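Hydrogens, waters and symmetry mates are skipped; everything else that's a heavy atom, side chains included, is used. Because the structure is a prediction, the values reported are computed rather than measured.
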Amino acid sequence: MPRVLLVDDHPPMRRVLRGMLEDAGMEVVGEAADGLEGVAQAEAVRPDVVLMDWRMPRLDGVQATASIRSHLPEVQVVVFSSAEGAGMGVIARQAGASAFVAKGASAELVCAAVLAAWGRPPPLQAPLDST
């Protein structure tokens, strides 16, 4: 399972994300409260995937994503934000993110995005009623 770094400026959100990821069997290797700290943590712990908030103090998620991807191209980033809009995913991808996920997304979708960024998408599940 992937080693994940959480970067979000709200401690309660980090706790929720940690719980989601750990419940799915992923290892959370660090947390950061802003983009600058996120870049430093990524360099220190070398996670497989960073789950990155979009809007944060000192350095926003897009700038932090671009910095991480330029210095650590093997580290994948999933941008995670309450800011939604048609262009958000495009901006995140231009910065080097593997995916953009809305904060209102289900735990399954967040975990699936992290796994897909890591290069191992979750197995497809057959519908309960396949008739």
Taking [Y] as the starting point, is it possible to reach [X] by hopping between hydrophobic residues whose side chains are less than 4.5 Å apart?
X     : Y     : answer
Val77 : Val45 : no
Val29 : Phe80 : no
Val16 : Val28 : yes

Give the intermediate values and the outcome of side-chain contact (heavy atoms from CB on, under 4.5 Å) for residues Gln41 and Val7. CA-CA 9 Å; Gln41 282 287 322; Val7 184; over 6 Å; no
Side-chain heavy atoms of Leu51 within contact of Leu21, under 4.5 Å: yes
Heavy-atom distance under 4.5 Å between the side chains of Glu22 and Glu27, does that happen here? no
Could you report the tightest heavy-atom contact between [X] and [Y], atom names first, then the distance?
X      : Y     : value
Ala117 : Val78 : CB-CG2, 3.7 Å
Arg46  : Leu72 : NH1-CD2, 2.6 Å
Val75  : Pro47 : CG2-O, 3.3 Å
Ala24  : Met1  : O-CE, 3.0 Å
Arg18  : Glu31 : NE-OE2, 2.8 Å
Ser98  : Gln76 : OG-OE1, 2.7 Å

Roughly how far, to the nearest 0.5 Å, is the [atom2] atom of [Y] from the [atom1] atom of [X]?
X     : Y     : atom1 : atom2 : result
Arg15 : Leu6  : CZ    : CG    : 12.0 Å
His71 : Glu43 : NE2   : CD    : 6.5 Å
Leu5  : Met52 : CG    : CE    : 7.0 Å
Met56 : His10 : CE    : NE2   : 11.0 Å

Pro73: partners by side chain to side chain contact (heavy atoms under 4.5 Å, CB included), with sequence neighbours left out: none
Among all residues two or more places apart in sequence or in another chain, which pass the side chain to side chain contact (heavy atoms under 4.5 Å, CB included) test with Ala97? Thr65, Val79, Ala92
Asp34: what forms a side-chain hydrogen bond (donor to acceptor under 3.5 Å, both in side chains) with it, not counting sequence neighbours? Arg58
Criterion side chain to side chain contact (heavy atoms under 4.5 Å, CB included) against Val114, the qualifying member of Val49, Val50, Val101, Leu109: Val49
Could you go through Leu115 and Met26, starting from their C-alpha distance and side-chain angles, then the distance that decides it, and tell me whether this counts as side-chain contact (heavy atoms from CB on, under 4.5 Å)? CA-CA 9 Å; Leu115 289 171; Met26 296 180 220; 3.8 Å; yes
Before accepting this row, confirm whether a basic side-chain N of the pair Asp53/Lys103 lies closer than 4.0 Å to the acidic partner's carboxylate O. yes
Any donor and acceptor pair, going by atom type alone, linking the side chain of Asp48 with main-chain N or O of Arg3 inside 3.5 Å? yes
The test is side-chain contact (heavy atoms from CB on, under 4.5 Å); show your working for Trp54 and Val62 and say whether it passes. CA-CA 6 Å; Trp54 181 280; Val62 173; 3.7 Å; yes
